[in-house]
There are 2 protein chains.
Amino acid sequence: MTSVSAFLAPEDLQASGSGPLYVKLQQALEDAIHSGRLKGGDALPPERDLAEYANISRVTVRKAVDELVRQGKLVRRHGSGTFVSRPMEKVEQSLSRLTSFTEDMARRGLSTRAEWLERGLFTPSPDEMVMLGLPAGGMVARLGRLRIADDNPLAIERASISAEFLPDPENVHTSLYAALEARNVQPVRAIQRISARTVREHEADLLDVAAGSAGLAIERISYLSSGKVVELTRSLYRGDAYDFVAELTLG
Amino acid sequence: MTSVSAFLAPEDLQASGSGPLYVKLQQALEDAIHSGRLKGGDALPPERDLAEYANISRVTVRKAVDELVRQGKLVRRHGSGTFVSRPMEKVEQSLSRLTSFTEDMARRGLSTRAEWLERGLFTPSPDEMVMLGLPAGGMVARLGRLRIADDNPLAIERASISAEFLPDPENVHTSLYAALEARNVQPVRAIQRISARTVREHEADLLDVAAGSAGLAIERISYLSSGKVVELTRSLYRGDAYDFVAELTLG
DNA sequence: GGTTAATGGTATTTTTTTGGTATTGTATTT
DNA sequence: AAATACAATACCAAAAAAATACCATTAACC
């Protein structure tokens, strides 16, 4: 929403004769935020646009914005823009579709990034050999990532894939599913197991929470139509920041 | 379908003056995908063709495509082309079978019983008034139970139902759904929200775990076909004793 | 099997947009 | 008249956007 008139009416500024211009603009902006016309994460129009629209100078606009930045209601980014602050909210993921984390977050307008914890080919653990049904001597590709949404660490995700399906894990840069699809590997069935457990110490470090706090553990196994196991992914989400939503249609 | 003009109209790009070029192209491509002009598996025209057609540089085209790849909507293959992903959505799923606690436990071969914690008509809390959409002066039926499997307390379950649908909670002895069905109240849709949180002290007592340990919190809201809210149920499962399993069918 | 054309991948540079700041003018208050 | 708050102008710096030029991989063709 970059158009000024979309959330600012002219009468908001010229009405009620007395009082400094910057105070009126400040109140108008506060009102737009509280009423929801400007939501968390939205970009404010450029200062120059605001100034032109309100027929006041840019410095006056800045003084109004300054105060709201001081109050923490707006955030400035040099060269980029000014944005409405967004308190850390719980994000949700729908169970009824198996989509990639990134796609899911993007749909909610959250910027996400990931830091690699582990990426490469390894000798499988006994656990992986059984779950993935690996042949003797087979290798396993491991992709460990720390998922970050809006600068808040949100989840630790560890995926194991048989090297048969992903011989070049180093080349996975974005979505695991995209990488698999590029190799024509398309799972058709998946089972998710959701449970709660306490966060261990080294995990707490990564997630920026206290050790022992509650985390949502999700284990997913996906299968090809042939029945072969493609992927085993174990994720641990921050309990205070993540909701899993399932929508059911009953008989 | 490799011809650009087949799915991209020139006005899609030059219209609506403001905004970066790459965003416009991105939206145009998204639109083409969602509208079905580009189907899953289709090859996108080469980046150079797109650039020439839109009169923008190839890097700008790439930036638009980059974002869609990041969202998982497109897949790149070096030296080959860029393709529309076959989305892994369209999930028909068997989540409904997960809703019945008793059935779920029976499948695991566990005998279950319940102890009543609370059962009766009450003046609704503000929370309940909002979630259930109660009329002014309306009452609410509350059913609080401690679920026990094989002599181990497993979950605390608290249900709130508008008295309109359940005026006689004292007569509920087994399943809530059976009681509702007996009154011809049949929810057709439900939303479950699953999260993890620490167990509070009075809850820990009931569940026979240490206070502060991890619990699986499930909130379920079910609706009639009319959209009316029937039931709001909040459950807290012992994190160490319960898994929530969902099976998904893709494609 | 090598050649080659077509495709995506990347590094570098230039231009445009955006917030940041110093200076000056103007009205209000003291 | 001095001091203060307010507002306008002009210029600076950072970031994003866009363009250019060149590299790497694939696949088709001979």
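Remember, predicted model here, so these are calculated numbers, not experimental data. Just so it is clear: chains get the letters A, B, ... in the order the sequence lines come, proteins before strands, and each one is counted from 1.
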**Q** Does dA7(D) have OP1 or OP2 under 4.0 Å away from a side-chain N or O of Tyr22(A)?
**A**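 The answer is no; no side-chain N or O of Tyr22(A) sits under 4.0 Å from OP1 or OP2.
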**Q** Choosing from dG19(C), dA17(D), dA19(D), which nucleotide comes nearest the side chain of Thr82(A)?
**A**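 Per side-chain heavy atoms of Thr82(A), the pick is dG19(C).
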**Q** I need the CD-P distance between Gln26(A) and dC6(D), as an integer number of Å.
**A** 11 Å
**Q** Heavy atoms, side chains only, cut-off 4.5 Å: are Ile161(A) and Leu176(A) in contact?
**A** yes
**Q** Rounded to the nearest 0.5 Å, what separation is found between the OH atom of Tyr242(A) and the CD1 atom of Ile218(A)?
**A**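 Answer rounded to 0.5 Å: 6.0 Å.
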**Q** My understanding is that only residues two or more places apart in sequence, or in another chain, count here; which of them pass salt bridge (charged side-chain N to carboxylate O under 4.0 Å, His left out) with Glu47(B)?
**A** Arg58(B), Arg62(B), Arg76(B)
**Q** Does Arg76(A) put a side-chain nitrogen or oxygen below 4.0 Å from OP1 or OP2 of dG20(C)?
**A**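 Answer is yes, contact under 4.0 Å.
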**Q** Generate the contact string for nucleotides 20-30 of chain D. Rules: B means base contact, S means sugar-phosphate contact only, - means no protein heavy atom under 4.0 Å.
**A** B---BBB----
**Q** Just verifying a value: how many Å separate Arg197(A) CZ and Glu203(A) CD, rounded to the nearest 0.5 Å?
**A** 4.5 Å
**Q** Tell me whether the OP1 or OP2 atom of dA18(D) has a side-chain N or O from Lys63(B) closer than 4.0 Å.
**A**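 Checking Lys63(B) against dA18(D): no side-chain N or O falls below 4.0 Å of OP1 or OP2.
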**Q** To the nearest 0.5 Å, tell me how far Ser85(B) OG sits from Leu74(B) CG.
**A**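 Reported value, rounded in 0.5 Å steps: 6.0 Å.
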**Q** Tell me the interatomic distance from Arg62(A), atom CZ, to dT9(D), atom P, rounded to whole angstroms.
**A**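 Nearest whole value for this atom pair: 16 Å.
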**Q** Yes or no on side chain to side chain contact (heavy atoms under 4.5 Å, CB included) for Arg220(A) and Glu157(A), after CA distance, side-chain angles and deciding distance?
**A** CA-CA 11 Å; Arg220(A) 182 175 59 208; Glu157(A) 186 183 286; over 6 Å; no
**Q** Taking all non-hydrogen atoms of both residues, which atom of Leu180(A) and which atom of Phe165(A) are closest, and how far apart?
**A**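 Heavy atoms of Leu180(A) and Phe165(A) come nearest at CD2-O, 4.0 Å.
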**Q** Measure the distance from CG on Asp66(A) to C1' on dA5(D) and round it to the nearest whole Å.
**A**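 Atom-to-atom, Asp66(A) to dA5(D), this comes out as 15 Å.
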**Q** How long is the straight-line distance from CG of Leu50(A) back to CD1 of Ile56(A), given to the nearest 0.5 Å?
**A** 8.0 Å
**Q** Taking CG from Leu21(B) and P from dA16(D), how many angstroms apart are they, rounded to a whole number?
**A**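 Roughly 17 Å, once rounded to whole Å.
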**Q** Distances under 3.5 Å only, N/O to N/O: pair up the protein atoms with those of nucleotides 28-30 of chain C.
**A**
none

